[in-house]
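Input: a single structure, listed below in structure tokens.
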Amino acid sequence: MKKLILLLALTFVGSSVFGQGFRVGVEAGIPVGDASDITTFHLGADLAYLFPTSDLFSVGGLIGFSHYFGDDFDTPLGNISVDDFSFLPIAATARFGFSDFLFVGGDLGYAIGISSDNDGGFYYRPKVGYGLGNLAIIASFSGISVSGGDVSSVNLGLEFGF
């Protein structure tokens with residue numbers, strides 16, 4: 001029982017002191033550009049930590065997971081199935097707040113390809129959000145420049161702050 005109480009106390013203190021800038025986000029999106037030709041849907045998640053540099057501006061780091069669902073095509077030669085593919089974005093992130101609720105931000109980094117025949121590429125994601133306390137609604141455009149094209153999507157997601 002003493003260990004449980006100690007663990008709960010450390011968790012509370014740690015979350016109140018160190019966890020103020022943690023953000024966990026989930027998103028769903030519609031592929032656009034080159035990706036719309038071979039995929040049907042996008043799902044993503046990310047974990048970020050933001051350091052406030054002023055009342056309105058924060059910077060930090062982000063790691064995520066981005067998954068695109070492949071499409072099937074009927075051709076005169078038969079059915080062609082495109083495999084799903086995934087990326088692991090690692091990026092710097094920044095955010096500027098216009099008010100207590102509205103903010104704009106962006107991520108810049110590299111997305112590591114974690115599925116076969118996927119080398120990865122330059123990652124960018126501008127976003128706009130509306131904060132509701134520890135919850136935010138975020139609209140974003142995510143893009144990954146890969147050799148021979150791009151993998152992009154228009155997304156809507158939720159972000160939880162800790």
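Index from 1, following the sequence.
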Linked, directly or transitively: Ile90 and Leu47 (ILVMFWY side chains, under 4.5 Å): yes
Considering all heavy atoms of both residues, which atom of Ser58 and which atom of Pro52 are nearest to each other, and what is their separation? OG-CA, 3.5 Å
Out of curiosity, does Phe98 fall in the hydrophobic cluster containing Ile137 (side-chain heavy atoms, cut-off under 4.5 Å, transitive links)? no
What's the shortest heavy-atom distance between Gly60 and Phe51, and which atoms? CA-CD1, 4.1 Å
Would you say Asp55 has more than 12 foreign heavy atoms packed within less than 6.0 Å of its CG? no
With a 4.5 Å cut-off on side-chain heavy atoms, are Ile38 and Val82 touching? yes
Going from CG on Asp84 to CG on Leu43, what distance comes out if it is rounded to the nearest 0.5 angstrom? 10.0 Å
For the atom pair CG (Asn155) and OG (Ser153), what is the distance rounded to the nearest 0.5 Å? 3.5 Å
Walk me through it: do Tyr49 and Phe22 pass the test ring-ring contact (aromatic ring centres under 6.0 Å, His included)? CA-CA 4 Å; Tyr49 189 86; Phe22 277 110; 4.8 Å; yes
Lys/Arg N to Asp/Glu carboxylate O, Arg23 vs Asp46, below 4.0 Å: no
Determine yes or no for a side-chain-to-main-chain donor-acceptor pair under 3.5 angstrom, with Asp150 supplying the side chain and Ser145 the backbone. no
What about Tyr123 and Tyr110, are their ring centers closer than 6.0 Å? no
Step through the shown structure and confirm whether more than 12 heavy atoms of other residues, nucleotides or ligands are within 6.0 Å of CG on Asp72. yes
Taking the side chain as everything from C-beta on, heavy atoms only, tell me whether Phe103 gets closer than 4.5 Å to Leu56. no
Parallel, tilted or perpendicular: ring planes of Phe69 versus His67, cut at 30 and 60 degrees: perpendicular
Asp71 side chain reached by Thr39 side chain, heavy atoms, under 4.5 Å: no
Please examine the side chains of Tyr124 and Ser152, heavy atoms only from C-beta on, and report whether any two atoms are closer than 4.5 Å. yes
On a heavy-atom basis, which atom in Pro31 and which in Tyr68 lie closest, and how many Å separate them? CG-CD2, 4.4 Å
Dump the intermediate steps for side chain to side chain contact (heavy atoms under 4.5 Å, CB included) on Thr53 and Val59, then the final yes or no. CA-CA 7 Å; Thr53 59; Val59 296; 4.0 Å; yes
OG1 on Thr75 to CD1 on Ile80, rounded to 0.5 Å: 4.0 Å
Is any side-chain heavy atom of Ile114 closer than 4.5 Å to one of Phe87? no
Using the side chain to side chain contact (heavy atoms under 4.5 Å, CB included) rule, take Arg95 and Val104 through it: C-alpha gap first, then chi angles, then the decisive distance, then the call. CA-CA 6 Å; Arg95 183 172 292 185; Val104 296; over 6 Å; no
Which is it for Arg125 and Glu27 under the salt bridge (charged side-chain N to carboxylate O under 4.0 Å, His left out) test, yes or no, and what are the steps along the way? CA-CA 12 Å; Arg125 182 175 162 216; Glu27 66 186 22; 2.9 Å; yes
Are Phe65 and Phe160 linked, directly or through other ILVMFWY residues, by side chains that come within less than 4.5 angstrom of each other? yes
Measuring only between side-chain heavy atoms, which start at C-beta, is Leu158 closer than 4.5 Å to Leu135? yes
Pairwise distance OG(Ser66) to CZ(Phe85) - rounded to 0.5 angstrom: 8.5 Å
How long is the straight-line distance from CG of Leu108 back to CG of Leu62, given to the nearest 0.5 Å? 11.0 Å
Quick check: do Ile138 and Val128 have side-chain heavy atoms less than 4.5 Å from each other? no
Here the gap from Asn79 atom CG to Asp74 atom CG, rounded to the nearest 0.5 Å, amounts to 5.0 Å
If Ile, Leu, Val, Met, Phe, Trp and Tyr residues are connected whenever their side-chain heavy atoms lie under 4.5 Å apart, and connections chain through other members, are Phe96 and Leu102 in the same group? yes
Can you name the nearest heavy-atom pair linking Asn118 to Ser86, along with the distance? ND2-O, 2.9 Å
Using every non-hydrogen atom in the two residues, find where Gly64 and Leu88 come nearest and quote the distance to one decimal. O-CD1, 2.8 Å
Asp107 versus Lys127: any side-chain heavy-atom pair under 4.5 Å? yes
